[in-house]
Amino acid sequence: MAAELANWVAANVELDPGGPGHALGALEHRRATMAGRTLLFLALARAVRLPARPVAGLRWDGVAFHYHGWAEVKLPGGWVPADPALDQFPAAACRLG
């Protein structure tokens with residue numbers, strides 16, 4: 001379910017740096033900032049009773065670290081990083097949170 005939600009957000013909410021930065025705006029306008037996509041994923045995960053939390057930290061892009069936010073969902077094996085902003089589930093291991 002968590003992977004399906006992350007994929008749905010990435011496929012249906014256009015990444016737009018000038019778009020809404022909150023869950024409701026992302027859902028209504030189907031476009032959002034990276035933060036808006038992540039917040040929508042968190043809201044949807046919690047709506048289906050998946051424990052989910054926001055994480056803020058640094059993401060390595062191969063050249064430098066950048067401030068970035070993503071989510072984690074609690075699955076039977078523990079907390080799993082999800083990054084619907086970049087369409088990654090589980091999220092790549094290039095994050096420091």
State, to 0.1 Å, how close [X] and [Y] come at their nearest heavy-atom pair, and which atoms those are.
X: Pro54; Y: Arg46; answer: CD-NH2, 3.7 Å
X: Arg49; Y: Pro51; answer: O-CD, 3.5 Å
X: Ala26; Y: Gly36; answer: CB-O, 3.8 Å

Is the closest side-chain heavy-atom distance between [X] and [Y] below 4.5 Å?
X: Val80; Y: Glu72; result: no
X: Leu50; Y: Met1; result: yes
X: Thr33; Y: Pro17; result: no
X: Arg30; Y: Asn12; result: yes
X: Val55; Y: Trp79; result: no
X: Asn7; Y: Val9; result: no

What is the distance from atom [atom1] of [X] to atom [atom2] of [Y], rounded to the nearest 0.5 Å?
X: His29; Y: Glu14; atom1: NE2; atom2: CD; answer: 13.0 Å
X: Leu96; Y: His68; atom1: CG; atom2: NE2; answer: 12.0 Å
X: Trp70; Y: Phe89; atom1: CH2; atom2: CZ; answer: 15.0 Å

*Is a donor on one side and an acceptor on the other found under 3.5 Å between the side chain of Arg37 and the backbone of Val13?*
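Here the side-chain-to-backbone pair exists.
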*In the hydrophobic clustering (ILVMFWY, side-chain contacts below 4.5 Å, transitive), which residues join Leu42, or is it alone?*
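Traced through the cluster, Leu42 reaches Leu39.
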*Given the rule that I, L, V, M, F, W and Y join up when any side-chain heavy atoms are under 4.5 Å apart, are Leu75 and Trp8 in one cluster?*
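In one cluster with Leu75: Trp8, yes.
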*Do any pairs count as a salt bridge (charged side-chain N to carboxylate O under 4.0 Å, His left out) and have a residue in residues 77-95, sequence neighbours left out, and if so which ones?*
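Listed once each, the pairs are Asp83-Arg95.
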*Quick one: which of Leu44, Thr38, Leu40 gives a side-chain contact (heavy atoms from CB on, under 4.5 Å) with Pro84?*
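Result: among Leu44, Thr38, Leu40, Thr38 is the only option passing the side-chain contact (heavy atoms from CB on, under 4.5 Å) with Pro84.
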